[in-house]
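Structure first, then comments.
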There are 4 protein chains.
Amino acid sequence: MSATETTKEKMLEAATVLFTSKGYHGTSIREIASKTGVNISLISYYFGGKQGLLEALMTDFLEGYMEELELAVKTPHHDSYEKMLYMAERVLTFMKERHLRARFVLREMTLDSTLIREITSTYLMKEKHLYSIVLKKGIQEGTFAPVSVQWTIMQFRGMVIMPYLHHQYVREVFHLHPQQPHFIKMYRKELREWASKVLLSDSKKEEHKAIPFHHTQHQADFVQP
Amino acid sequence: MSATETTKEKMLEAATVLFTSKGYHGTSIREIASKTGVNISLISYYFGGKQGLLEALMTDFLEGYMEELELAVKTPHHDSYEKMLYMAERVLTFMKERHLRARFVLREMTLDSTLIREITSTYLMKEKHLYSIVLKKGIQEGTFAPVSVQWTIMQFRGMVIMPYLHHQYVREVFHLHPQQPHFIKMYRKELREWASKVLLSDSKKEEHKAIPFHHTQHQADFVQP
Amino acid sequence: MSATETTKEKMLEAATVLFTSKGYHGTSIREIASKTGVNISLISYYFGGKQGLLEALMTDFLEGYMEELELAVKTPHHDSYEKMLYMAERVLTFMKERHLRARFVLREMTLDSTLIREITSTYLMKEKHLYSIVLKKGIQEGTFAPVSVQWTIMQFRGMVIMPYLHHQYVREVFHLHPQQPHFIKMYRKELREWASKVLLSDSKKEEHKAIPFHHTQHQADFVQP
Amino acid sequence: MSATETTKEKMLEAATVLFTSKGYHGTSIREIASKTGVNISLISYYFGGKQGLLEALMTDFLEGYMEELELAVKTPHHDSYEKMLYMAERVLTFMKERHLRARFVLREMTLDSTLIREITSTYLMKEKHLYSIVLKKGIQEGTFAPVSVQWTIMQFRGMVIMPYLHHQYVREVFHLHPQQPHFIKMYRKELREWASKVLLSDSKKEEHKAIPFHHTQHQADFVQP
DNA sequence: CATGAATGAGTCTTCATTCAT
DNA sequence: AATGAATGAAGACTCATTCAT
């Protein structure tokens with residue numbers, strides 16, 4: 001890795017941390033440069049300005065994100081149910097490994113600046129498309145109940161990104177840490193549970209026996225009826 | 001309403017619009033003043049600065065939000081299932097009526113600035129507490145299956161706020177408009193469906209017949225098996 | 001004069017001095033603000049930026065310049081010869097009173113930036129037009145010899161602006177001071193002399209007896225044949 | 001010519017173009033390097049910085065300029081009148097061949113920075129001296145009328161450099177192109193005309209018959225009395 | 001001979017805020 | 001209650017220059 005690449009990477013990392021906690025506009029390039037340990041002007045030099053840095057950050061993340069989804073779709077599975085969960089799994093793992101950047105990008109996508117829209121819209125469409133394919137296939141196969149494709153995607157996507165976008169909330173209110181392996185394991189089970197209840201067709205429900213709540217053993221917040 | 005109150009209200013409105021689309025730091029008080037049609041210094045005069053404006057905006061929203069939840073909890077219902085859905089309903093309606101402010105506040109809560117934490121943490125705790133009460137009660141009653149309280153709250157809350165926080169996404173990708181009455185009506189049904197599948201205990205599932213998909217008649221995205 | 005106007009005027013004055021001696025790009029607004037004794041940001045506040053200051057400076061000068069020429073043309077004269085000289089006289093006096101600004105504007109007009117062109121072209125056309133009218137009239141009347149209008153304008157204009165654009169040269173090399181009344185008086189005579197030799201038709205040369213060289217008495221640089 | 005010399009020459013050429021249209025301070029060495037197609041640092045390497053480049057540019061031009069004048073003075077002529085016009089001719093031709101550099105240097109000389117003064121003052125003095133010699137000689141010979149030496153030099157020099165310094169003006173307003181051979185030819189005649197009227201003593205005027213206005217045949221802007 | 005990474009000083013501009021009116 | 005002049009700090013960015021390679 002060349003000197004340039006190393007420095008660039010360090011900059012992106014510093015920017016990620018700062019952007020995530022203070023927001024894009026709330027962070028000055030001076031802070032980024034200082035955190036990286038280089039001169040201010042190097043940011044404009046490498047990325048052509050603060051905005052270039054933002055674009056690099058987002059594009060880089062979204063590209064990786066989409067790649068995970070695409071690879072997941074290509075991977076052969078027993079049925080659409082397993083594929084759907086595998087998609088979530090890969091995306092979750094991907095975001096876990098870069099949870100700060102994930103949080104920042106997901107938040108930034110809630111703004112409606114033209115710039116953001118330009119960067120993200122293609123990816124969002126693609127994401128919808130991929131989920132859509134799998135869902136439709138599953139319904140046709142009879143694996144899934146005849147659910148509304150769009151509402152299901154919205155729900156599913158919402159659940160997948162939730163721990164990262166609402167990282168702060170999850171941590172403060174529930175004392176859970178979405179960047180830790182433990183969390184992922186549990187969250188996977190929750191998703192599976194949800195999917196089995198909401199997605200599966202009645203005929204398939206018995207085939208796919210929902211994983212029993214053995215993960216609840218390390219959770220003390222249950223109320224016995 | 002006095003002249004002062006009107007001006008203040010107009011300022012808050014302008015700030016809401018701008019903050020929502022460009023973020024807090026991305027908006028200058030100059031823009032707010034100009035959009036309101038008043039002198040810049042009036043913002044510092046009324047709110048003691050930009051930060052004061054932010055606090056007023058958030059506190060005001062969160063207070064109303066909590067009030068809705070509290071009133072919903074106090075309202076007598078046939079069972080916890082109905083109460084839970086009624087809570088969602090009130091919150092949804094509250095947010096629909098001020099969807100811009102909702103979006104902004106929800107997004108701002110994903111930052112981890114100390115200021116934001118100070119403003120929001122009490123409300124978040126209270127929200128968790130209220131949902132918690134209802135969920136636990138429902139489990140004890142036997143209305144709800146013995147689900148994990150915390151995961152369920154996270155999921156439920158995620159679903160409720162999703163259309164407003166991800167307003168941009170929902171609009172661009174699915175061409176739906178969460179601020180329109182039509183949307184609320186449909187979203188209510190989705191929530192009910194979800195709740196019936198995920199929350200209800202087996203014994204109750206028959207009692208509460210899930211509302212059939214008659215809303216799907218205006219939706220063309222179904223795939224028949 | 002309001003506080004604003006006074007401050008603005010002071011800024012324009014400071015900018016004139018600095019721009020003239022160091023050029024537009026060679027001068028920082030910090031220097032201008034500091035020389036004016038106000039805060040830096042006031043420049044952007046009043047003129048909308050450094051460029052706005054430049055435009056104000058140039059437009060203001062050029063407007064005054066053209067007004068002199070127009071008034072001179074409107075003033076009734078015995079013949080075109082007197083009018084022509086009167087035009088020069090008024091412009092000279094105008095520039096003498098703001099010789100720094102004159103120098104700066106005249107120099108700036110030798111650049112070919114788009115901005116400058118946009119500001120100046122209209123004025124230059126008008127100037128040509130006014131000179132043109134008088135020259136043509138003079139030729140028709142028989143006051144002037146049938147000279148080339150365009151070459152004559154170029155020559156005449158060159159002579160009029162020379163002392164101000166080449167102020168530095170005139171001062172350093174000839175120890176003359178174009179901003180002093182004395183200079184103007186002498187220069188007027190030179191122009192008259194030039195005009196009588198170059199412009200007047202033979203028939204008129206006798207009528208308008210060239211003013212004898214009595215101004216040469218305070219000049220020691222003559223060589224007797 | 002070595003590779004070095006070629007690169008240096010290309011740099012000077014690029015600098016000339018940019019300095020002329022945007023001014024010295026308005027041009028960055030980055031632009032110069034980029035236009036030349038070499039690395040930025042090479043400018044500091046070759047010329048010891050931006051200022052060094054400026055000095056090289058000016059000195060080079062002024063040296064050539066003076067050489068022309070000196071050679072003209074040394075060349076034997078029938079009388080001072082012919083010599084004077086020959087001086088103008090050589091200088092005009094010299095500037096025509098490098099009209100961009102001429103324009104830039106002439107404009108730069110209207111600034112009063114210390115640096116510029118240091119570079120130019122010697123040359124200006126020399127120029128004055130050379131013109132002075134010829135003028136005085138001519139007056140003593142009786143070729144020239146007893147004109148004021150200094151005013152005449154100012155006027156003469158002004159006329160000679162005008163087309164190059166005011167290149168933009170001449171082009172935009174009169175649609176003439178001082179860098180084309182055609183222009184030079186016409187301008188030479190204008191100068192001769194001017195000189196015959198302004199400089200020549202009465203006794204000599206008949207000897208040197210002013211060239212009739214045959215150049216006016218391609219000029220349509222004449223007004224017949 | 002020529003390059004690219006890196007720097008520090010400096011650029012213009014915008015920010016939120018204050019104060020006298 | 002509301003304004004507009006004015007400020008100081010901070011914003012992003014560009015500058016010319018250096019140095020190791």
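Keep in mind that this is a model prediction, so the values were computed, not measured. Here is how names work: the chains are called A, B, and so on, in the same order as the sequence lines, proteins then strands, and each is numbered from 1.
- When heavy atoms are screened at a 4.0 angstrom cut-off, B:Ile43 is found touching no nucleic acid atom at all.
- At whole-Å resolution of the value, NZ in B:Lys22 and C1' in E:dT14 are 12 Å apart.
- In this structure, the nucleotide among E:dA2, F:dA16, F:dA2 sitting nearest to the side chain of B:Thr7 is F:dA2.
- Regarding A:Ile32, its CD1 atom lies at a distance of 17 Å from the P atom of E:dA6, rounded to whole Å.
- With DNA chain F read from its 5' end, the first of the two nearest nucleotides for C:Asn39 and C:Arg30 is the one closest to C:Asn39.
- Regarding C:Gln51, its CD atom lies at a distance of 12 Å from the C1' atom of E:dC12, rounded to whole Å.
- At a threshold of 4.0 Å, the pair C:Glu13-C:Arg101 counts as salt-bridged, since one of the basic side-chain nitrogens sits closer than that to a carboxylate oxygen.
- The CE-P distance, from D:Met11 to E:dC1, rounds to 11 Å in whole Å.
- Protein atom CD1 of B:Ile29 is 15 Å distant from nucleotide atom P of E:dT14, rounded to whole Å.
- Nearest heavy atoms, B:Thr20 versus A:Leu111: O-CD2, 3.9 Å.
- In this structure, the CD atom of C:Glu31 is 7 Å from the P atom of E:dT11, given to the nearest Å.
- If you take NZ of A:Lys50 and C1' of F:dG11, they are 8 Å apart, rounded to a whole angstrom.
- The residue B:Phe47 sits apart from the nucleic acid: no heavy atom pair falls under 4.0 Å.
- Side-chain atoms of B:Ile40 lie closest to E:dT17 of the nucleotides F:dT17, E:dT17, E:dT7.
- Screening residues 104-124 of chain C for ring-ring contact (aromatic ring centres under 6.0 Å, His included) gives C:Phe19-C:Phe104 as the qualifying pairs, with residues at least two apart or on separate chains.
- Listed nucleotides: E:dC1, E:dG4, F:dG8. Nearest to the side chain of C:Ser41: F:dG8.
- Under the Watson-Crick or G-U wobble criterion, with both distances below 3.5 Å, E:dG10 is paired with F:dC13.
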Item to complete: Output, in order, the C-alpha distance, side-chain angles, deciding distance and verdict of salt bridge (Lys or Arg N to Asp or Glu O under 4.0 Å) for A:Asp60 and A:Arg98.
Response: CA-CA 11 Å; A:Asp60 178 72; A:Arg98 41 186 76 68; 5.8 Å; no
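- Applying the salt bridge (Lys or Arg N to Asp or Glu O under 4.0 Å) test to B:Glu55 and every residue at least two apart in sequence or in another chain returns nothing.
- Nearest-nucleotide positions on DNA chain E for B:Thr27 and A:Leu42 put A:Leu42 closer to the 5' end.
- Counting any heavy atom pair closer than 4.0 Å across all strands shown, D:Ser28 reaches sugar-phosphate atoms only and no base atom.
- Taking only distance into account, the side chain of A:Tyr45 never meets the base of E:dA6 through a donor-acceptor pair shorter than 3.5 Å.
- Side-chain proximity of A:Ser44 to the nucleotides E:dT13, E:dA5, F:dC13 is greatest for F:dC13.
- E:dA5 is paired with F:dT18 under the Watson-Crick or G-U wobble criterion, all donor-acceptor distances under 3.5 Å.
- Residue order along DNA chain F, read from the 5' end via each residue's closest nucleotide, puts A:Gly49 first among A:Gly49 and D:His25.
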